[in-house]
Amino acid sequence: MIYFDNSATTKPYKEVLDTFVTVNEQFYANPASIHEAGTDANILLDRARNQIAQIFHTDERCVIFTAGGTESNNLAIFGISKANTHKGKHILTTDIEHASVLEAYKSLEKEGFEVEYLHVDNSGVISLEELKAKIRKDTVLVSMMHVNNEIGSIQPIEEAAQIIHANSRATFHVDAVQSFGKLPIHFNGDNGPDIITISGHKIHALKGTGIIVFRQKMNINPLILGGGQEFGIRSGTVAVPQAVALAKAARIAIENLNAAKVRYRNWHKGLIQFLSKFGDLIHILSTNSGVGHIVSFSVKDLKGEILINALQDRGIIVSTSSACSSKQKKTSHVVTALNVDPKYKNGVIRLSFGAFNTDEEIERFKTEFTYVMKELKGVNL
Ligand SMILES: Cc1ncc(COP(=O)(O)O)c(C=O)c1O
């Protein structure tokens with residue numbers, strides 16, 4: 001089986017699983033306990049936190065372990081907007097965010113916040129002019145994904161940060177769930193984000209793990225109240241094995257970043273060339289300016305599920321544009337935002353690569369896809 005659905009989730013690295021098991025077996029004490037076993041668990045937790053802090057050149061107290069990208073995004077959005085109502089209630093995001101951002105914004109809108117959305121062009125990128133026009137003195141939060149999970153478009157984070165910081169006191173939250181380990185992402189003073197959110201299971205760590213990282217200490221309302229763990233920002237006994245495993249996966253991701261970027265870029269380029277041979281039967285959604293590990297396209301007048309099943313029968317696993325929208329059987333909000341011709345709207349397919357994919361698998365895809373297109377569409381390449 002060839003697995004090309006790494007943007008939905010990844011297979012954990014063996015080293016990460018080994019770390020998880022070892023820490024569970026040997027350091028299962030509560031890191032908040034004052035006995036020696038607790039202290040030992042806490043040392044491991046501190047080390048994991050320190051490793052993440054070093055990756056982002058930030059203070060250890062600015063790294064909070066959570067239960068995933070969704071929780072990290074919710075914490076950033078509710079936590080910052082509610083802690084800053086004295087500065088304003090205007091918040092900004094984009095049309096193509098993940099549901100964990102969009103639903104949080106919708107909920108805040110019902111509570112009386114003024115929400116505005118930035119639109120994207122046909123390649124899924126925001127307009128800096130529109131950002132300039134919409135940012136205000138009373139904007140308290142801007143949330144923007146670095147890489148889109150459905151089409152792989154990359155937002156101009158640095159330029160957006162400059163505009164946001166020059167024109168408002170807003171906190172700039174970047175959802176880096178799909179970019180961490182694939183593209184560099186850092187805090188860079190006023191030229192970068194103030195908050196970065198990450199998910200473990202997209203980088204070969206465990207599901208149900210995530211991180212929120214702050215550029216500097218800031219006022220944030222916690223989502224989860226209790227014993228005051230994680231500097232009072234995220235209560236609950238900290239899952240030390242998960243945190244240590246996630247720090248390991250994050251270090252591997254950073255070590256491999258440059259090589260991964262080149263590998264994915266080459267595959268992306270080769271596949272776009274290959275798909276272009278089918279002419280107007282195929283509409284490519286992920287452009288060359290997007291990230292390398294996501295290739296998204298649509299076959300004219302063909303349902304996505306039909307293509308997915310046909311490829312699955314031939315041992316290849318791909319998905320529709322996102323795991324969330326595939327179950328809901330409706331055109332995704334991202335595809336809608338791109339103004340795609342209706343003929344191509346129902347057949348969006350996403351291939352997303354991870355650390356375990358190989359050159360041979362990409363070649364196999366080309367062979368099997370050619371076969372499937374002959375069967376379903378009668379095309380002879
Ligand atoms: C861009 C983006 N943000 C957030 C999330 C949510 O992360 P998690 O599945 O860890 O809750 C996802 C997951 O697909 C995502 O792609």
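Keep in mind that the numbers below use all heavy atoms, side chains included, and drop hydrogens, waters and symmetry copies. The chain is numbered in sequence order, starting from 1. Atoms within a ligand are numbered from 1 in the order they appear, just like the ligands themselves. All of these numbers come straight from a predicted model, not from anything done at the bench.
- Polar contact check, V147 against ligand 1: no nitrogen or oxygen pair lies under 3.5 Å apart.
- In this structure, K248 is not positioned above the aromatic face of Y13 in the sense of NZ or CZ being under 6.0 Å from the six-membered ring centre and within 45° of the axis.
- Heavy atoms of other residues, nucleotides or ligands lying less than 6.0 angstrom from CZ of R47 number 12 at most.
- Under a 4.0 Å heavy-atom criterion, S100 is in contact with ligand 1.
- T331 and T336 share no side-chain donor-acceptor pair at under 3.5 Å.
- For the residue pair N191 / E158, no side-chain donor-acceptor distance below 3.5 Å is found, with atom types taken as modelled.
- Counting atoms of ligand 1 from 1 in the listed order, those under 4.0 Å from a heavy atom of N73 are 3 (N), 4 (C).
- Those atoms of ligand 1 that come under 4.0 Å of a heavy atom in G68, given as number and element, are 10 (O).
- Not a single heavy atom of E97 sits under 4.0 Å from any atom of ligand 1.
- Residue F356 qualifies as enclosed at atom CZ: its count of foreign heavy atoms under 6.0 Å is above 12.
- Residue T70 has at least one N or O atom closer than 3.5 Å to an N or O atom of ligand 1.
- Contact atoms of ligand 1 toward H201: 8 (P), 9 (O), 10 (O) (distance under 4.0 Å to a heavy atom of the residue).
- Distances below 4.0 Å separate heavy atoms of Q178 from the following atoms of ligand 1: 1 (C), 15 (C), 16 (O).
- When hydrophobic clusters are built by joining Ile, Leu, Val, Met, Phe, Trp and Tyr residues whose side-chain heavy atoms come closer than 4.5 Å, directly or via intermediates, I77 is grouped together with L75.
- The shortest N/O to N/O separation between D175 and ligand 1 falls below 3.5 Å.
- Interface of N149 with ligand 1, defined as ligand atoms under 4.0 Å from a residue heavy atom, comprises 16 (O).
- Taking the side chain as every heavy atom from C-beta outward, H283 and D341 never approach each other to under 4.5 Å.
- Using a cut-off of 4.0 Å between Lys/Arg side-chain N and Asp/Glu carboxylate O, E129 and K132 are scored as salt-bridged.
- The contact set between ligand 1 and M145, taken as ligand atoms under 4.0 Å from a residue heavy atom, comprises 1 (C).
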